[in-house]
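Before any comments, here is the structure.
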Amino acid sequence: MGIFFAFQFVGGDDVELRFLSAAIPVAGAALVYVALAFRHNAFVFFSGIYLFLVGVLWLVVSAFPGGISVIRLWPAGLVLCAVSLFLTSLFRYRRLRCVYAFPGAFLFAFGGVCLLFSFDVVKIPFVNFMSRWWPLMLIVFGGILVSIFLYQQTPGNKFPYDGGEADSEQDGACS
């Protein structure tokens with residue numbers, strides 16, 4: 001994503017930037033096609049989906065006359081990465097697996113929070129917010145982990161995975 005957005009800072013005429021803006025989603029779509037038709041490789045599929053989504057985002061943002069700065073837009077890359085992880089899980093396993101769901105949920109939540117600060121929905125700076133509220137964040141995340149653990153201890157509950165996922169460690173099941 002950094003390499004992709006670096007072209008905004010590099011000089012050059014708009015024709016090259018427009019070509020690059022159109023080439024990124026096409027390259028992503030080509031990777032998705034290769035993953036679906038030939039390779040059936042999750043990494044190739046993830047890379048293709050991510051490039052396609054970032055390219056479409058870039059096309060949409062570049063369509064606005066004033067544009068949006070990269071400094072404000074970088075958290076959208078985290079959200080798009082989470083969406084790509086969810087889609088990759090569906091591609092590889094035909095369902096959402098915890099190996100993809102937990103990192104995807106974390107990236108989605110963190111990207112969403114950073115977008116709130118980036119677009120000044122929350123008026124205080126992110127550094128000030130984290131320096132003041134980091135103990136509460138630790139308590140909330142710890143509480144979530146303890147809740148999941150206690151929920152798993154009750155008989156019959158297999159959260160965060162189903163029975164088929166608990167039996168197969170090589171397919172990326174949570175242990």
key: All ring pair (Phe, Tyr, Trp, His ring centres under 6.0 Å) counterparts of Phe108, not counting sequence neighbours   = none
query = Please, which pairs that meet salt bridge (charged side-chain N to carboxylate O under 4.0 Å, His left out) have at least one residue in residues 114-126, sequence neighbours excluded?
reply = Arg72-Asp120
Co-membership, hydrophobic cluster, residues Val26 and Leu36, 4.5 Å side-chain = no
task = Quick one: closest heavy-atom pair of Gly111 and Pro75, and the distance?
result = O-CB, 3.5 Å
task = Answer with yes or no whether the hydrophobic clustering places Ile124 together with Val113; edges join I, L, V, M, F, W, Y residues whose side-chain heavy atoms lie under 4.5 Å apart.
result = yes
ask   = Is the count of non-hydrogen atoms from other residues, nucleotides or ligands lying under 6.0 Å from Phe106 atom CZ greater than 12?
value = no
key: Gap separating the CG atom of Leu116 from the CZ atom of Phe119, nearest 0.5 angstrom   = 10.5 Å
request  = Go through the steps to decide whether Leu87 and Tyr100 satisfy the test side chain to side chain contact (heavy atoms under 4.5 Å, CB included), and finish with yes or no.
outcome  = CA-CA 9 Å; Leu87 293 174; Tyr100 293 97; over 6 Å; no
message = So, using ring pair (Phe, Tyr, Trp, His ring centres under 6.0 Å) as the criterion, who are the partners of Phe43 when residues are at least two apart?
response = none
remark   = The reported gap from CZ in Phe110 to CG in Leu115 (rounded to nearest 0.5 angstrom) is 10.5 Å
message = Nearest 0.5 Å, please: how far is CD1 in Ile24 from CG in Leu53?
response = 12.5 Å
request  = Rounded to the nearest 0.5 Å, what's the gap from CZ on Phe52 to CG on Leu80? Could you check?
outcome  = 11.0 Å
request  = Among residues two or more places apart or on two chains, list those pairs meeting side-chain hydrogen bond (donor to acceptor under 3.5 Å, both in side chains) that have a residue in residues 82-91.
outcome  = none
Salt bridge (charged side-chain N to carboxylate O under 4.0 Å, His left out) pairs, two or more places apart, involving residues 126-137 = none
inquiry  = Is the distance from the ring center of His40 to that of Phe45 below 6.0 Å?
reply    = no
remark   = Those residues at least two apart in sequence (or on a different chain) that pass side chain to side chain contact (heavy atoms under 4.5 Å, CB included) with Leu136 are Trp133, Val140
inquiry  = With clusters defined by side-chain heavy atoms of hydrophobic residues (ILVMFWY) lying less than 4.5 Å apart, directly or transitively, does Val121 cluster with Met130?
reply    = yes
ask   = Quick check: are there more than 12 heavy atoms from other residues, nucleotides or ligands sitting under 6.0 Å from CZ of Phe46?
value = yes
key: ring pair (Phe, Tyr, Trp, His ring centres under 6.0 Å) involving Phe117 - partner list, sequence neighbours excluded   = Phe126, Phe129
key: Partner set under side chain to side chain contact (heavy atoms under 4.5 Å, CB included) for Leu31, not counting sequence neighbours   = Val44, Ser47, Leu51
remark   = Heavy-atom nearest pair, Gly112 first then Val79, reads N-CG2, 3.9 Å
inquiry  = Within this structure, what is the CZ-SG distance for the pair Phe86 and Cys81, rounded to the nearest 0.5 Å?
reply    = 10.0 Å
